[in-house]
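Let me give you the structure first, and then I'll get to my questions.
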Amino acid sequence: MFRPDCRLLFSIFLTGLIVHWVETITAAAEEADIFTESEVDDIDRVVNTVMECKHVPGMTLSVVKGNMVWTKGYGMAGLKRMVNNNTLFCIGSLTKAFTSTLLAIQLTDLQGDPNRKITWNTPLQAILGSDFEFVDEYRSQKTTLKDILSHRVGLMAADLVIQAGVPFNVTRAKLSRRIKYLPETDEFRNKFQYNNFMYMLAGHVTEIFGKDTWENLVTSRILKPLGMSDTVFISDIHQVDNHARPYFYDSDTAEFGILDESLFNIYPIGPAGTICSSATDMFKWIRFLLSKGVNSVGERLVSSRLLRDTMIGQLSVGELYQLVMSLQKPRYPVTDDVTTYGMGWFQSRYRGYSKLSHSGGLYSYASRLLLFPDNEFGIFGNVNGPDEYRGGYSLHPVLYFISDLLLGYKPWITINNVCQFPSITQEGEDALKTSASNITYTTRSLNITSFPSNKTPRISTENIPVGRDFPLQTTLTVVSVEESGNKDLTKTVKPATENITAYNYVGMYGHRFFGNVFISVFENGTHHLKYGRLLHGHLSPLSNSIFKLDLPGQLAHIITTRQIVVFKMLGDDGKYNRIEIGYAPEVMTFDRGVSFFDEDSEDKAVSGSLSSSKTHIHVYITIIFFLKLFA
């Protein structure tokens with residue numbers, strides 16, 4: 001007759017009791033209050049105030065301090081849907097830290113392989129082959145993993161390529177090989193130049209190491225081990241009911257509209273910014289980072305040293321980024337000195353404390369994540385409108401407010417000044433007389449309706465509509481830099497009033513990295529431009545060769561920088577042979593007779609792609625204070 005072993009049963013019972021006790025303690029720790037009820041009320045007041053004045057439809061917040069977690073959703077995720085802790089928001093360039101962490105995980109794996117000694121300083125040619133090239137031989141031979149992850153390669157950002165939409169049949173591997181046609185804008189390793197394509201290239205490297213897609217590798221090596229079960233990639237977000245719809249705000253009607261989500265598929269640039277996540281999942285990511293690479297069950301996923309490497313500054317961000325990203329006295333009562341960029345993280349000191357941060361922006365979505373590693377807390381925020389810039393300016397003061405609470409300071413952000421950010425001008429902390437806790441609070445209300453259909457036409461890439469006629473701009477200021485005398489000459493160019501031969505412009509112009517641009521003319525004589533999968537618009541003439549690109553419908557809400565199109569190199573046959581789009585040094589050149597898809601075509605744009613006429617360069621003077629909140 002079988003008799004149970006009492007000692008074994010007691011051991012099993014005791015083990016179960018210990019596991020239950022540990023789980024209970026852990027759950028209690030997670031449910032413990034990070035903030036007092038009064039502090040939560042203050043956070044609510046600040047959040048609701050800034051959402052109303054900045055026209056933010058929805059916001060999600062996640063805070064981790066030690067083992068404690070606090071999450072909360074505000075506002076609207078969609079029509080008649082409120083934001084909750086599991087609502088998905090697209091995090092934009094916060095994705096970059098996932099890409100650099102995935103590489104750190106893979107380098108951890110390779111540490112045990114004596115045949116593959118790969119480090120952050122390994123040249124890309126040693127990984128991708130000697131036939132992998134950049135625009136010049138020196139970059140081709142010297143560029144390392146660390147270089148592409150820290151934005152110091154010195155190549156053109158060419159973000160318009162992403163906004164226009166790379167053709168779906170162009171794979172990540174193929175576009176990575178086309179990097180050799182991406183022009184330089186500065187010397188190698190000379191200064192910080194943010195570039196999303198370098199993170200696409202880093203994602204391609206992970207695919208070489210992991211023999212799988214970047215998306216599958218992020219899922220298997222990061223998302224699943226961390227229990228981030230809500231998180232998806234932007235191409236799949238439409239399959240999830242509980243996601244925050246991308247809103248924009250129309251100031252003419254004081255109503256919100258919903259952007260067509262087909263605009264958000266930025267394949268194959270995914271490793272730079274296509275993860276969508278929730279407050280619940282992002283606190284797991286923050287806790288993993290603060291735990292130096294250990295997940296919630298105690299499993300180490302990555303070498304702590306290699307993970308820490310991604311967070312160490314590699315290069316100064318330079319004066320412009322310091323100016324637009326830092327807080328300095330006396331304009332602000334506190335300092336937040338942004339100094340360097342690592343591999344997916346900005347480094348700064350806020351109130352003297354070490355801070356890591358990054359922002360993300362993808363049209364309507366804006367996100368921000370802060371880590372205070374020495375203080376063992378992190379904060380995440382995300383919004384779904386009205387655009388990535390105003391949305392970013394709504395998140396910054398909220399996260400500063402929460403940071404002060406966690407650091408034990410009286411917050412300098414109040415509901416009196418939160419709507420002014422970033423234009424707060426009080427000099428010194430003494431000037432801030434009122435805290436958020438003693439201000440009368442008014443309940444906010446949002447007027448979110450379905451936008452009129454004629455305001456948000458679905459983007460068609462097949463049949464380009466005839467654009468409405470826009471009044472001609474009266475003048476355009478141009479600076480000509482003549483090579484012969486190197487003298488700046490300012491002149492006024494009046495818009496063309498004479499009849500222009502419409503077919504001088506018609507045709508396809510191409511570049512081996514930027515893609516193809518098609519110029520067509522309609523029966524009424526108006527010109528239209530089509531570029532990539534998505535970008536199209538009416539060309540309004542400012543002169544015979546200079547046009548303003550007027551974007552229809554929703555495109556005008558996602559591409560807010562004014563685009564100037566210049567036709568050059570008029571041939572003997574009466575046709576222009578080159579067009580340029582953009583502003584120096586980000587001037588994209590497209591040549592007639594060159595096709596993105598023709599491997600045998602001669603790429604005239606490579607040899608002189610930065611406004612490549614040797615006799616003179618046109619620089620279109622526009623003051624653009626552009627802070628990349630992918631920042």
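These numbers come from the heavy atoms of this one structure, side chains and all, not from hydrogens, waters or symmetry mates. Keep in mind that this is a model prediction, so the values were computed, not measured.
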Nearest atoms (heavy-atom pairs only) where T280 meets F283: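 Looking at all heavy atoms of both residues, the closest pair is O-CD2, 3.1 Å.
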Can you tell me which residue among N382, I275, V383 is in a side-chain contact (heavy atoms from CB on, under 4.5 Å) with S367?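 Result for side-chain contact (heavy atoms from CB on, under 4.5 Å) with S367: N382.
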Heavy atoms, side chains only, cut-off 4.5 Å: are E586 and L160 in contact? no
message: Taking the side chain as everything from C-beta on, heavy atoms only, tell me whether T143 gets closer than 4.5 Å to F134.
response: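 Yes, side chains in contact.
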(Q) Do M59 and M51 have side chains that approach each other closer than 4.5 Å (heavy atoms only, starting at C-beta)? (A) yes
Compute whether any side-chain donor of one residue and acceptor of the other, for K96 and S93, lie under 3.5 angstrom apart. yes
_Under a plain distance cut-off of 3.5 Å, with no hydrogens placed, do E388 and S364 share a side-chain donor-acceptor pair?_
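Checked: S364/E388 side chains show no N/O donor-acceptor pair below 3.5 Å.
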Short side-chain to backbone donor-acceptor contact, H396 and G392, under 3.5 Å = yes
(request) Give the minimum heavy-atom separation between G273 and I266, together with the two atoms involved. (result)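 Shortest heavy-atom separation between G273 and I266 comes out as O-CD1, 4.1 Å.
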Do Y249 and F256 make the cut of ring centroids closer than 6.0 angstrom? yes
Ignoring hydrogens and geometry beyond distance, is a side-chain donor-acceptor pair present between S277 and T231 at under 3.5 Å?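 Looking only at side-chain atoms, T231 and S277 do form a donor-acceptor pair, the distance falling under 3.5 Å.
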Side-chain donor or acceptor of N195 paired with backbone N/O of L155 under 3.5 Å: yes
Would a distance-only check, ignoring hydrogens and angles, find a side-chain to backbone donor-acceptor pair under 3.5 Å from Q347 to G342?
yes
Looking at Y409, is R351 sitting on its ring face, NZ or CZ under 6.0 Å from the six-membered ring centre and within 45 degrees of the normal?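 Yes; both conditions hold, so R351 lies above the ring face of Y409.
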More than 12 non-hydrogen atoms from neighbouring residues, nucleotides or ligands closer than 6.0 Å to CD on Q328, yes or no?
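Yes - once you tally the heavy atoms of other residues, nucleotides and ligands closer than 6.0 Å, there are more than 12.
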task = List the atom of L88, the atom of D230, and the distance in Å for their closest heavy-atom pair.
result =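 Here L88 and D230 meet closest at CD2-O, 3.3 Å.
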Quiz item: When you check the side-chain N and O atoms of D337 and Y350, is any donor under 3.5 Å from an acceptor?
Solution: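 No pair is found: no donor N or O on one side chain lies under 3.5 Å from an acceptor on the other.
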ask   = Taking side chain as C-beta onward, heavy atoms only, is M343 less than 4.5 Å from D309?
value =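 Result yes, sub-4.5 Å side-chain heavy-atom pair found.
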>> Does any part of the side chain of S296, heavy atoms only, come nearer than 4.5 Å to the side chain of K284, both counted from C-beta?
In response: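 No, side chains not in contact.
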Review point. Does Q554 use its side chain to pair, donor to acceptor, with the backbone of I258 at less than 3.5 Å?
Key: yes
* Return the minimal non-hydrogen interatomic distance between S354 and D374, and the atom names on each side. =>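 Looking at all heavy atoms of both residues, the shortest contact is CB-OD2, 3.8 Å.
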| Got a donor-acceptor contact below 3.5 angstrom from the N48 side chain to the D44 backbone? | yes
- Query: Any chance the rings of F248 and Y363 have centres within less than 6.0 Å?
  - Reply: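 F248 vs Y363: aromatic centres not under 6.0 Å.
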If only atom types and distance count, is the side chain of T414 paired as donor or acceptor with the main-chain N or O of N416 below 3.5 Å?
yes
Notebook entry, point to check: Would you say T144's side chain and N121's backbone share a donor-acceptor pair under 3.5 angstrom?
Noted result: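 Checking the backbone N and O of N121 against the side chain of T144, no donor-acceptor pair under 3.5 Å is found.
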Requested in this report: Return yes if a side-chain donor-acceptor contact under 3.5 Å exists between Y400 and D336, otherwise no.
Outcome: yes
Any sub-3.5 Å donor-acceptor pair from T99's side-chain atoms to P271's backbone N or O?
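Yes; at least one donor-acceptor contact below 3.5 Å.
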side-chain contact (heavy atoms from CB on, under 4.5 Å) with W285: of V64, I91, T101, only one passes, and it is T101
Trace of the salt bridge (Lys or Arg N to Asp or Glu O under 4.0 Å) decision for R287 with E376:
CA-CA 9 Å; R287 189 162 57 185; E376 298 184 335; over 6 Å; no
query = Are the side chain of Q563 and the backbone N or O of I581 linked by a donor-acceptor pair below 3.5 Å?
reply =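 No, the answer is negative, given that no donor and acceptor are paired below the 3.5 Å cut-off.
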### Task
Verify the ring-centre separation between Y321 and F192: is it less than 6.0 angstrom?
yes
If only atom types and distance count, is the side chain of S100 paired as donor or acceptor with the main-chain N or O of G344 below 3.5 Å?
no
Less than 4.5 Å apart, side chain to side chain, heavy atoms only: is that true for L301 and L307?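 The answer is no, as the side chains (C-beta and beyond) never meet within the 4.5 Å cut-off.
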- prompt: Do the side chains of D186 and Q193 get nearer than 4.5 Å, heavy atoms only?
  reply: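 Counting from C-beta outward, Q193 and D186 do come under 4.5 Å.
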Gap separating the CG atom of L124 from the CG atom of L145, nearest 0.5 angstrom:
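Going from the CG atom of L124 to the CG atom of L145 covers 5.5 Å.
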* To do: Kindly say whether the aromatic ring centers of Y247 and H55 come within a distance under 6.0 Å.
  =>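 No - the distance between ring centres of Y247 and H55 does not fall below the 6.0 Å cut-off.
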Q.
To check you understand the geometry: which heavy-atom pair defines the closest contact between V83 and G73, and what is its length?
A.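 Smallest interatomic distance, heavy atoms only, reads CG1-CA, 3.7 Å.
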Sole residue of K142, R189, R139 in salt bridge (Lys or Arg N to Asp or Glu O under 4.0 Å) with D147
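Only one of K142, R189, R139 forms a salt bridge (Lys or Arg N to Asp or Glu O under 4.0 Å) with D147, namely R189.
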(Q) Within the 4.5 Å heavy-atom criterion, are F264 and I237 side-chain neighbours or not? (A)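 No - every pair of side-chain heavy atoms lies 4.5 Å or more apart.
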Test ring pair (Phe, Tyr, Trp, His ring centres under 6.0 Å), reference H358, set W345, F380, F98, Y341, output is Y341
